[in-house]
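This report refers to the structure that appears directly beneath it.
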Amino acid sequence: MEISKLEKWFLKNKKEDFTKIAQDNHISEVLARLLVNRGLTSQKEIQDFIHSNTDCMHDPHLLKDVDFACELLEEKINQNARIRIVGDYDVDGVVSTYLLYTALQRVGANVDYEIPERMKDGYGININIIKAAKEDQVDTIITCDNGIAAVEQVRYAKEENMTVIVTDHHDIPFVETENGREEVLPHADAVVNPKQQACSYPFPNICGAVVAYKLIEVLYERFGIEKVETKRLLAYAAIATVCDVMDLVDENRAIVKYGLELLKNTENQGLEALMELHQINTFRLSAYHLGFIIGPCLNASGRLETAKIGLELLLEKNREEARRKAVAIKELNDKRKDMTARGVEEAIEQIETTSLIKDKVLVVYLPECHESLAGIIAGRIRERYHKPAIVLTKALEGVKGSARSIEQYNMFEELTTCKQYLDKFGGHPMAAGLSLKEENIEPLRQALNETTQLTEEDLINKVSIDVLLPLGYVKEDLVEELELLEPFGKGNEKPVFAERNLVVKKADILGKNRNTLKLKVENQYGKCMDALYFNQIDHFNEYLSEKYGNNEVNKMYRGVPNSIRLSVVYYPNINEYNGMKTPQIIIQGIQ
């Protein structure tokens, strides 16, 4: 969240007997309200959520074709046939490849892997990868986190008498016919994807690595491997689930919760080296560390060089070699951060100095930008303007790009309506990848904006406040109790608390990059507390100067009485310093 005039705050106002819910479940009324806001009211729902564990995970045999796929793999393993895994270059693809490679080696398969290079190969399995496999006398190809849209590629592999198993989680391509929407599936020997209409799996919103894990569950059963060994692999499925931004509900919540506990004591040399390098306190390891530290590092190799570097880090057994590889990956990620910042600045300048600012769907062309950064930049643009954003870059052939959307706009379906301008595309409602000819950029932009049903109201960022919570309630026991709601992420966001009309007693800018604002605030009941606000400090000062005047802002920084009053949305936190624990709040938005 940020300071924004295009933002509305709403208080969730669900009615329940919070006192009874709190008493029945031995929790505070604050937590009872938060659980009700998540749609949980019965004692069973609440207990299942709080005590979520792997018992709630769904039967892998419900996945269409998974048993036949494992039957085929067992047959190939017994024949010592060459099997090649074809993964993808993002975290989900790398982790999926790691899982399948580790598992197939475990059961004695003659297996290797290939991961496409983003710049040279593009997304997913391609004809050149299949030709190379044929030259290497590969008998069987198994895809992970890709393949569902590879109709022509799979057809070619089958014409070359290869066995093909597709494991994927992306939306199924379709065509509109007189009889309605019809799926277009590759004619592989087995297609394992929970989003197929004919699949009876009860929770289709899993990432590619979890689809791979489900196949491994069935494969390990066939080879008599104990379930405790299978479940150790959930540490990796947890990383992919968070990094692929899956909803942390149902079995995804259980996977991440269990996986985080495994990762706290990981024996994986690469992950351990990466966490040590970033000084992550493994005791406090959270989904944040997976999504914003570990994941971006694994992603960086696939963005700027080859994703095989990230995979090799996960596979590394030697401690010193793992540390060396972790350092190299961190350096790549630091380089990626700098390149991203420059790309975001260029995109903002283009939007705000041209007619693009009036568009409801932003299509930005940054020809000099590294194509691997398009998705990150699109995400930042979406956050800033709360509009669907597509960022395009010049590629080796034509133009490539990535799209990030808002909840009110199904990006995959909207691109489908404009596919005449695209050479290739695929993805989800919230994110997509695309390629097209340079001359089709403007027609695509115009078509998306002419056909969109988005309203001005859709483009206003709405912040839902869970509880109006005075500062006096922010105590250590509440902060500890809120941990019962973790892991936080998409579909299970951190609770949003609010406090009105805070007096700012003092303000200081901290940090070597001067990117942390520390405020001493006081509420109407006289309760004082420290409040931290990160980044956009110049924006914060401009906002206050515009509203209250420079003189009042100067008073605030000098710590003398002033007229500044802030309403904030926040999350409570405990500051630990020299053995002392002090409650504080982390400001997420200001009005």
Side-chain angles (χ1 to χ4, degrees), residues 1-7 9 278-281 284 288-289 292-293 296 333-334 337-345 348-349 352 380-381 383-385 461 463 469-471 474 479 494 496-524 526-591:
M1 297 181 204
E2 60 181 67
I3 304 164
S4 174
K5 292 173 185 174
L6 292 176
E7 185 173 273
W9 292 5
H278 286 90
Q279 299 180 314
I280 295 174
N281 178 356
R284 304 294 299 172
Y288 170 84
H289 297 108
F292 291 93
I293 299 176
N333 193 44
D334 289 342
K337 287 179 185 177
D338 292 340
M339 292 167 68
T340 301
R342 289 196 297 273
V344 170
E345 286 176 14
I348 291 170
E349 183 180 0
E352 298 194 352
R380 301 274 173 83
I381 297 304
E383 288 170 13
R384 183 180 180 93
Y385 297 100
N461 189 29
V463 178
L469 193 71
L471 298 183
V474 178
V479 175
K494 271 189 173 183
V496 177
F497 300 100
E499 175 73 298
R500 296 190 184 106
N501 297 319
L502 294 174
V503 174
V504 183
K505 310 285 284 186
K506 181 78 168 68
D508 292 292
I509 298 175
L510 310 175
K512 63 179 182 180
N513 297 322
R514 295 182 62 77
N515 61 353
T516 301
L517 183 67
K518 183 178 180 182
L519 304 172
K520 175 73 74 175
V521 295
E522 181 182 74
N523 71 1
Q524 60 182 314
K527 177 67 179 178
C528 279
M529 189 168 287
D530 285 343
L532 298 180
Y533 185 66
F534 299 102
N535 298 318
Q536 296 195 14
I537 294 172
D538 290 343
H539 195 183
F540 172 83
N541 288 333
E542 287 171 16
Y543 170 81
L544 291 185
S545 294
E546 186 180 311
K547 186 169 184 180
Y548 294 101
N550 290 330
N551 190 42
E552 294 303 303
V553 174
N554 290 333
K555 287 181 184 177
M556 177 186 76
Y557 279 104
R558 296 203 315 272
V560 299
N562 58 79
S563 64
I564 292 173
R565 301 293 180 268
L566 299 176
S567 291
V568 303
V569 288
Y570 71 87
Y571 190 78
N573 183 260
I574 299 296
N575 179 39
E576 295 186 35
Y577 183 72
N578 285 343
M580 294 284 290
K581 293 184 177 182
T582 310
Q584 62 184 12
I585 62 172
I586 309 298
I587 295 174
Q588 296 167 296
I590 291 170
Q591 279 190 349

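If you read the sequence from its start, that first residue is 1, and numbering goes on from there. These figures come from a predicted structure and were not determined experimentally.
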Write down the atom of [X], the atom of [Y], and the distance for their closest heavy-atom approach.
X      : Y      : answer
Ile348 : Tyr385 : CG2-OH, 3.6 Å
Ile574 : Pro583 : CD1-CA, 3.8 Å
Phe534 : Ile586 : CE1-CG2, 3.8 Å
Leu469 : Glu499 : O-CB, 4.1 Å
Trp9   : Val569 : CH2-N, 3.7 Å
Lys494 : Tyr571 : NZ-CD2, 3.9 Å

Are the side chain of Asn562 and the backbone N or O of Val504 linked by a donor-acceptor pair below 3.5 Å? yes
Would you find a donor on one side and an acceptor on the other, under 3.5 Å apart, between the side chain of Lys527 and the backbone of Glu522? no
Can you check whether [X] reaches [Y] side chain to side chain, under 4.5 Å on heavy atoms?
X      : Y      : answer
Ile590 : Ser567 : no
Thr582 : Asp530 : no
Val479 : Asn573 : no
Leu471 : Phe497 : no
Leu519 : Ile587 : yes
Leu532 : Gln584 : yes
Thr340 : Arg380 : yes
Phe540 : Leu566 : yes

Exceeds 12 heavy-atom contacts within 6.0 angstrom, atom [atom1] of [X]:
X      : atom1 : value
Lys506 : NZ    : yes
Lys555 : NZ    : yes
Phe292 : CZ    : no
Gln279 : CD    : no

Check against side chain to side chain contact (heavy atoms under 4.5 Å, CB included), Val568 and Tyr533: CA-CA 10 Å; Val568 303; Tyr533 185 66; over 6 Å; no
Supply the atom-to-atom distance [X] [atom1] to [Y] [atom2], rounded to the nearest 0.5 angstrom.
X      : Y      : atom1 : atom2 : result
Lys520 : Met529 : NZ    : CE    : 9.0 Å
Ile537 : Glu542 : CD1   : CD    : 12.5 Å
Glu576 : Asn578 : CD    : CG    : 11.5 Å
Asn541 : Glu546 : CG    : CD    : 12.5 Å

Applying side chain to side chain contact (heavy atoms under 4.5 Å, CB included), name anything that partners Tyr548, two or more places apart in sequence or on another chain.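 Partners of Tyr548 under the side chain to side chain contact (heavy atoms under 4.5 Å, CB included) test: Leu544, Glu552, Ser563, Ile564, Arg565.
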Decide side chain to side chain contact (heavy atoms under 4.5 Å, CB included) for Ile280 and Tyr288; before the verdict, give the C-alpha distance in whole Å, the side-chain angles of both, and the deciding distance to 0.1 Å. CA-CA 11 Å; Ile280 295 174; Tyr288 170 84; over 6 Å; no
